[in-house]
Visitor: 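Mind looking over this structure? Questions follow.
Because only heavy atoms are used, hydrogens play no part in the values below, and waters and symmetry mates are left out as well, while side chains stay in. Numbers here are sequence positions counted from 1.
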Amino acid sequence: MSNPISVTKIANLILEPDKYSAHTFELSKNLMYTEWKDIKSMFYESSKKHSTTKIYEDEKVKGLFHIIAFQSKGIRISLRRVEHSNGYYEYSIGMIINPRKLIDPKSSYIGIFPPNKESVDELKSKFSALFKGTAIPNDIDSYKLKRVDLCVNIRCNHKKIFRDIVRVIRKLPTPPKYERKLSEGKDCKKINKHTLRFACGTHILVIYDKTFQITDQGIKSDFEKLPEGVLRFEVQYERKMIRDLENESGETKVSQLLWLLIQESEERVIKHFRQCVADVSFCQLDEILNRINNSNYKEEKREAMRKLAKLMQRKRSVDVALDKMDELGYDTDKILSRFTKLGISPVPLWKNFCAQTIPGPVQILQNISAGGISIE
């Protein structure tokens with residue numbers, strides 16, 4: 001009888017060419033009533049001739065109008081009218097911008113903003129040219145930077161490895177002082193299976209399957225061949241975080257703030273995830289149990305750790321599993337820190353999975369720039 005043959009293959013995680021950069025950002029600008037009215041009237045008049053310049057009022061928010069004329073350029077515009085209790089009205093314009101699409105409308109939704117000063121200068125120029133001759137202010141530096149996403153794309157060439165990376169990452173425990181955010185509404189269950197989102201008052205940490213998003217939303221280019229998987233890490237800075245940066249740097253111009261954040265994007269993304277996510281690897285259950293059994297922890301603590309790992313075979317998140325253990329009377333105090341000291345996550349890989357171990361988010365971010373990561 002012949003002996004079975006074992007073949008070792010290598011799956012690779014590699015950094016996408018744009019590396020770390022800024023991506024989607026949001027602008028806002030207060031307007032005089034006459035300015036606000038001129039913009040609104042311009043699009044109502046235009047929509048009578050061209051459906052692509054349609055403007056419509058939000059069904060749920062009174063005084064909020066959406067303009068779709070520039071979506072192909074990567075820009076979504078909103079006009080807002082807010083009535084205060086004293087009868088005073090406040091008028092403003094807001095924009096959500098995909099800078100890569102603004103520079104090149106034919107570019108893929110996978111790519112992010114090229115991390116160089118020339119791209120920022122081109123962004124400013126394209127913005128100015130797009131709105132020149134319209135009622136919309138065309139100097140990007142006259143707006144306020146309200147939100148910006150710092151991100152990186154990491155490509156995987158092995159579909160099974162990639163799928164399990166996404167599966168185990170979305171089960172990670174919610175960090176202290178953060179809140180787990182889940183998508184709501186249509187297709188929310190499907191989206192939540194591919195996304196992890198932690199929010200606090202100043203920023204949001206997001207890890208998600210970019211290839212799923214592109215396919216699910218139907219925004220794949222006709223000529224585009226998608227890779228096996230692209231994992232996107234994002235840190236979304238809210239206005240308070242940006243205001244702190246303005247105070248520290250003394251800079252308030254949108255173009256200058258974007259360039260500053262692009263230069264610091266790698267350092268900032270790694271720092272935020274390292275502060276909030278444990279630096280651990282994901283292993284198969286037998287390896288997790290082996291490390292627990294060989295640890296120096298007391299048997300009572302080892303039993304609680306074994307229970308958590310076994311629960312994670314079927315629970316949707318560590319948070320849910322810990323709640324269940326509390327109900328069962330287990331002492332879960334500092335249980336996650338004990339896993340961290342062993343260098344492993346309580347979330348096991350699939351049984352008989354094609355890899356014995358895969359790196360966690362912190363390991364991926366810290367090592368990916370050095371030339372990629374190999375997984376047997």
Visitor: Taking the six-membered ring for Trp, are His203 and Phe198 ring centroids under 6.0 Å apart?
Guide: no

Visitor: Quick one: are Ser119 and Asn116 in side-chain contact, heavy atoms under 4.5 Å?
Guide: yes

Visitor: Just wondering, are more than 12 heavy atoms of other shown residues or ligands nearer than 6.0 Å to CD in Gln313?
Guide: yes

Visitor: Step by step, would you call His66 with Phe43 a ring pair (Phe, Tyr, Trp, His ring centres under 6.0 Å)?
Guide: CA-CA 10 Å; His66 300 284; Phe43 283 100; over 10 Å; no

Visitor: List the steps and the verdict of side-chain contact (heavy atoms from CB on, under 4.5 Å) for Thr252 and Asp141.
Guide: CA-CA 8 Å; Thr252 58; Asp141 287 332; over 6 Å; no

Visitor: Is there a side-chain contact between Ile262 and Val120 (heavy atoms, below 4.5 Å)?
Guide: yes

Visitor: Before we go on, tell me: are the rings of Phe25 and Phe113 under 6.0 Å apart, centre to centre?
Guide: no

Visitor: Near Glu299 CD, under 6.0 Å, is it more than 12 heavy atoms from other residues, nucleotides or ligands?
Guide: yes

Visitor: So, do Arg302 and Arg306 sit near enough that their side-chain heavy atoms are less than 4.5 Å apart?
Guide: yes

Visitor: Above 12 or not: heavy atoms from other molecules or residues under 6.0 Å from CD of Glu59?
Guide: no

Visitor: What pair of heavy atoms forms the shortest contact from Met312 to Ala321, and how long is it?
Guide: SD-CB, 3.5 Å

Visitor: Which of these passes side-chain contact (heavy atoms from CB on, under 4.5 Å) with Phe127: Leu27, Ile136, Asp139?
Guide: Leu27

Visitor: To the nearest 0.5 Å, tell me how far Ile292 CD1 sits from Arg338 CZ.
Guide: 10.0 Å

Visitor: Once the angle between the rings of Tyr88 and His84 is folded into 0 to 90°, is it parallel (under 30°), tilted (30 to 60°) or perpendicular (over 60°)?
Guide: parallel

Visitor: Are more than 12 heavy atoms, taken from residues, nucleotides or ligands other than Asn294, located less than 6.0 Å from that residue's CG atom?
Guide: yes

Visitor: Is it true that Val280 and Leu308 fall in one hydrophobic cluster, defined by side-chain heavy atoms closer than 4.5 Å?
Guide: no

Visitor: Just so I know, are the side chains of Leu145 and Tyr143 near enough to count as touching, which here means a heavy-atom distance under 4.5 Å?
Guide: no

Visitor: Taking atom types as modelled, find out whether Ser128 and Asn138 have a side-chain donor-acceptor pair closer than 3.5 angstrom.
Guide: yes

Visitor: Does the side chain of Pro359 come within less than 4.5 Å of Asn367's, by heavy atoms?
Guide: no

Visitor: Between Ile96 and Ile75, is any pair of side-chain heavy atoms under 4.5 Å apart?
Guide: no

Visitor: Does Asp279 come within less than 4.0 Å of Arg274, counting only side-chain N to carboxylate O?
Guide: no

Visitor: Rounded to the nearest 0.5 Å, what separation is found between the CZ atom of Arg170 and the CG atom of Leu196?
Guide: 10.0 Å

Visitor: Counting only heavy atoms from other residues, nucleotides and ligands, does the tally under 6.0 Å from NZ of Lys144 exceed 12?
Guide: no

Visitor: Hey, would you say the Phe65 and Tyr56 ring centroids sit under 6.0 Å apart?
Guide: no

Visitor: Please say whether the positively charged group of Arg163, taken as NZ for Lys or CZ for Arg, lies over the ring of Trp350, i.e. under 6.0 angstrom from the six-membered ring centre and within 45 degrees of the axis.
Guide: no

Visitor: Is atom NZ of Lys117 surrounded by more than 12 heavy atoms (other residues, nucleotides or ligands) closer than 6.0 Å?
Guide: yes

Visitor: Is a side-chain donor-acceptor pair under 3.5 Å present for Gln71 with Arg76?
Guide: no

Visitor: Indicate whether any N or O donor in one side chain lies under 3.5 Å from an N or O acceptor in the other, for Glu234 and Tyr208.
Guide: yes

Visitor: Between Trp36 and Tyr89, is there a side-chain heavy-atom distance shorter than 4.5 Å?
Guide: no

Visitor: Ring of Tyr44, cation from Lys40 - is the NZ or CZ under 6.0 Å from the centre and inside 45° of the axis?
Guide: no

Visitor: For the side-chain hydrogen bond (donor to acceptor under 3.5 Å, both in side chains) test, which of Glu264, His272, Glu266 pairs with Arg268?
Guide: Glu264

Visitor: I'd like to know if Arg167 and Asp164 make a salt bridge, using a cut-off of under 4.0 Å between side-chain N and carboxylate O.
Guide: yes

Visitor: Please report the closest heavy-atom contact between Pro137 and Ile39, naming both atoms and the distance.
Guide: CD-CD1, 4.3 Å

Visitor: Return yes when atom NZ of Lys171 has more than 12 non-hydrogen atoms of other residues, nucleotides or ligands closer than 6.0 Å, and no otherwise.
Guide: yes

Visitor: Just wondering, more than 12 heavy atoms not from Lys271 lying within 6.0 Å of its NZ?
Guide: yes

